[in-house]
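Shown next, in structure tokens, is the structure this report addresses.
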2 protein chains.
Amino acid sequence: MLSLTEENYLKAIYHLSDGGSKAVLTNELAEAMSTKAASVTDMIKKLSAKEVITYEKYYGVNITAQGKSEALMVIRKHRLWETFLVDKLGFAWDEVHEVAEQLEHINSPRLIEKLDEFLGYPKVDPHGDPIPDHKGKIKIIPQVPVDQLAIGYQGKIAAVKDSDSNLLKYLDKIGARPGVKIKVLGKEEYDDSMEILIDDHRVFISKAVSQNILVVG
Amino acid sequence: MLSLTEENYLKAIYHLSDGGSKAVLTNELAEAMSTKAASVTDMIKKLSAKEVITYEKYYGVNITAQGKSEALMVIRKHRLWETFLVDKLGFAWDEVHEVAEQLEHINSPRLIEKLDEFLGYPKVDPHGDPIPDHKGKIKIIPQVPVDQLAIGYQGKIAAVKDSDSNLLKYLDKIGARPGVKIKVLGKEEYDDSMEILIDDHRVFISKAVSQNILVVG
DNA sequence: GTATATTTTTAGATTAGTCTAAAAAATAAT
DNA sequence: ATTATTTTTTAGACTAATCTAAAAATATAC
Ligand SMILES: [Mn+2]
Ligand SMILES: [Mn+2]
Ligand SMILES: [Mn+2]
Ligand SMILES: [Mn+2]
């Protein structure tokens, strides 16, 4: 059984390791958790005692199969609750992340199964992120940020980064939502800004924005 | 700002004091919180520092106006979530209390207002308990437990105690739900059991049961 | 009205999560 | 191959919430 804080650490480790494919360093975890390296060292000792990660001194942490499964359950809850807030309660997509950060820690398997059913077993959350199923299986779609695309690329927006409310408000304003058509028209070498077509609408976006829009790779 | 534990203590104080109308003793609070008197004394000091209760050594605690308002907000959330679980997710009424104990601590005023709207501004929860409105106003209906009724009493079930799952399953089986007609036919002096009519259905109930069915006083 | 029993409070410890400051290990630079 | 820098770990301390055991206050009994 993991505490709320342990769940948050584990989720961060899952994300920073790209789903378990690489080791996570103490400092990047400290950065992600807005805490100090010393606190991270303490916590990773506890998490490795609980066998959700493995830990080699000075070389970072790796998530175990069990840890991955627990992290995916928290992510499942987070994304189901975000979907509920948008689809059923009429929240805007920029208002849900903070509340979901709380709701993801509610412990009731029955609640999550019922919620999933109530929502019609959604495959993705309001930001385009895939929702793990009740077995913890997640369909990882390889996603590429728009700033890495070549001129002339045509495709569809797969997802957007969901943690910054102001970014989401802006993306909504320019119509950059999952599923919408996108085409790269030009790149400005000077400041890495881009000219793109969103649903046949021409817009100029800064690098800070292009990094946060993801298309299918 | 109150911690989760502080919220739980305050809620217990509100209930034990009958909504603020009498003082609560250390030991009854310890009993209600399944903890030790020493822990209660510590917590009481913190709560009175936060001015949600007043505390006189050896004479128990009283809830302040601010404390009452905060307790009512937690109760509002608890009962709205219970209503959501039953009405929208299809939970049985004996399955919701434990989950609501967790959900009641989610902090998001917007979430609660949206949830209230989504549920159609319900007046009572699945167990017949009144739901405080967004101002914290609660319609206190004076309720009397069935074991205190005289033979011949006729009326309607107002509410049932909601914390024991087995009791609720049994009440459901005999049809004892809020709003259902009830009539007292007889009382057995020997064991305080009663013969009652529930929706024109004759049943015998023990004292343990009759204490947990409430009618309008 | 003194003795006994009950209730409540204090004292001292424990655990989870966090912090700052200092030591140790690993990496980079001369 | 030393020295310097960066990263990570340890050491020691703090807060919230809990506990047991002992002391103090209140209530009850004779
Ligand atoms: Mn989110
Ligand atoms: Mn999301
Ligand atoms: Mn309840
Ligand atoms: Mn209830």
Side-chain angles (χ1 to χ4, degrees), chain A residues 1-17 22-63 67 70-71 74 98 101-102 104-107, chain B residues 1-17 22-63 67 70-71 74 98 101-102 104-107:
Chain A
M1 198 83 296
L2 298 178
S3 74
L4 185 147
T5 310
E6 289 168 339
E7 283 189 347
N8 282 334
Y9 267 92
L10 192 59
K11 191 169 52 123
I13 291 167
Y14 177 86
H15 286 311
L16 291 172
S17 68
K22 64 182 183 196
V24 177
L25 271 19
T26 302
N27 263 358
E28 47 175 341
L29 197 42
E31 164 77 22
M33 298 300 294
S34 306
T35 187
K36 299 300 157 68
S39 307
V40 170
T41 302
D42 285 347
M43 183 53 82
I44 62 189
K45 284 176 184 168
K46 291 178 54 185
L47 290 176
S48 70
K50 293 193 175 183
E51 300 186 327
V52 289
I53 60 171
T54 56
Y55 163 48
E56 216 183 327
K57 266 188 178 180
Y58 293 98
Y59 283 93
V61 303
N62 281 95
I63 196 163
E70 300 213 33
V74 178
E98 296 306 314
E101 284 293 310
Q102 294 181 60
E104 72 187 6
H105 302 290
I106 300 292
N107 176 29
Chain B
M1 199 84 298
L2 299 177
S3 74
L4 185 148
T5 312
E6 288 169 340
E7 282 190 348
N8 282 335
Y9 267 92
L10 193 59
K11 192 170 51 126
I13 292 166
Y14 177 87
H15 286 310
L16 291 170
S17 67
K22 64 181 182 198
V24 178
L25 272 18
T26 302
N27 262 358
E28 46 175 342
L29 197 42
E31 164 77 21
M33 298 300 293
S34 305
T35 187
K36 299 300 155 67
S39 307
V40 170
T41 302
D42 286 347
M43 183 54 81
I44 277 171
K45 287 175 181 168
K46 292 178 52 183
L47 289 176
S48 68
K50 293 192 175 183
E51 300 187 326
V52 290
I53 61 171
T54 56
Y55 163 50
E56 216 183 326
K57 267 187 178 180
Y58 293 98
Y59 282 93
V61 304
N62 282 94
I63 197 163
E70 300 213 32
V74 178
E98 297 305 315
E101 284 293 312
Q102 294 181 61
E104 72 188 6
H105 302 290
I106 301 292
N107 176 29

Using whole Å, report how far [atom1] of [X] lies from [atom2] of [N].
{"X": "A:K50", "N": "C:dT15", "atom1": "NZ", "atom2": "P", "answer": "14 Å"}
{"X": "B:Y59", "N": "C:dT9", "atom1": "OH", "atom2": "P", "answer": "11 Å"}
{"X": "B:K45", "N": "C:dT9", "atom1": "NZ", "atom2": "P", "answer": "8 Å"}
{"X": "A:D42", "N": "D:dA13", "atom1": "CG", "atom2": "C1'", "answer": "12 Å"}
{"X": "B:E56", "N": "C:dT8", "atom1": "CD", "atom2": "P", "answer": "14 Å"}
{"X": "B:K36", "N": "C:dT7", "atom1": "NZ", "atom2": "P", "answer": "15 Å"}
{"X": "A:E31", "N": "D:dT7", "atom1": "CD", "atom2": "C1'", "answer": "14 Å"}
{"X": "B:E6", "N": "D:dT15", "atom1": "CD", "atom2": "P", "answer": "15 Å"}

Give B:T5 one of three labels, base, sugar-phosphate or nothing, depending on what nucleic acid heavy atoms sit under 4.0 Å from its own.
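Since only primed, P, OP1 and OP2 atoms lie under 4.0 Å of B:T5, the category is sugar-phosphate.
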Counting only side-chain nitrogens and oxygens, does [X] get under 4.0 Å of the OP1 or OP2 atom of [N]?
{"X": "B:Y9", "N": "D:dT18", "answer": "yes"}
{"X": "B:S39", "N": "D:dC19", "answer": "yes"}
{"X": "A:N27", "N": "D:dT6", "answer": "no"}
{"X": "B:T35", "N": "D:dC19", "answer": "yes"}
{"X": "A:K57", "N": "D:dT7", "answer": "no"}

Looking at [options], which one has an atom nearest to any side-chain atom of [X]?
{"X": "B:T41", "options": "C:dC19, D:dT26, C:dT10", "value": "C:dT10"}
{"X": "A:L25", "options": "C:dT18, C:dT9, D:dT8", "value": "D:dT8"}
{"X": "A:A38", "options": "D:dT8, C:dA21, C:dT9", "value": "C:dA21"}
{"X": "B:T26", "options": "C:dT8, D:dT9, C:dT18", "value": "C:dT8"}

Run the numbers on A:K11 and A:E70 for salt bridge (charged side-chain N to carboxylate O under 4.0 Å, His left out), then give the verdict.
CA-CA 8 Å; A:K11 191 169 52 123; A:E70 300 213 33; over 6 Å; no
Heavy-atom side-chain proximity of [X] to [Y] below 4.5 angstrom:
{"X": "B:I53", "Y": "B:V24", "result": "no"}
{"X": "B:S39", "Y": "B:Y9", "result": "yes"}
{"X": "B:E56", "Y": "B:N62", "result": "no"}
{"X": "B:N8", "Y": "B:E101", "result": "yes"}

Find which nucleotide of DNA chain C each of A:M43 and B:G60 is nearest to by heavy atoms, and output the residue with the more 5' nucleotide.
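Comparing both residues, the 5'-ward one is B:G60.
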When you match A:S34 and B:Y55 each to their closest nucleotide on DNA chain C, which lands nearer the 5' end?
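Looking at DNA chain C, the more 5' nearest nucleotide goes with B:Y55.
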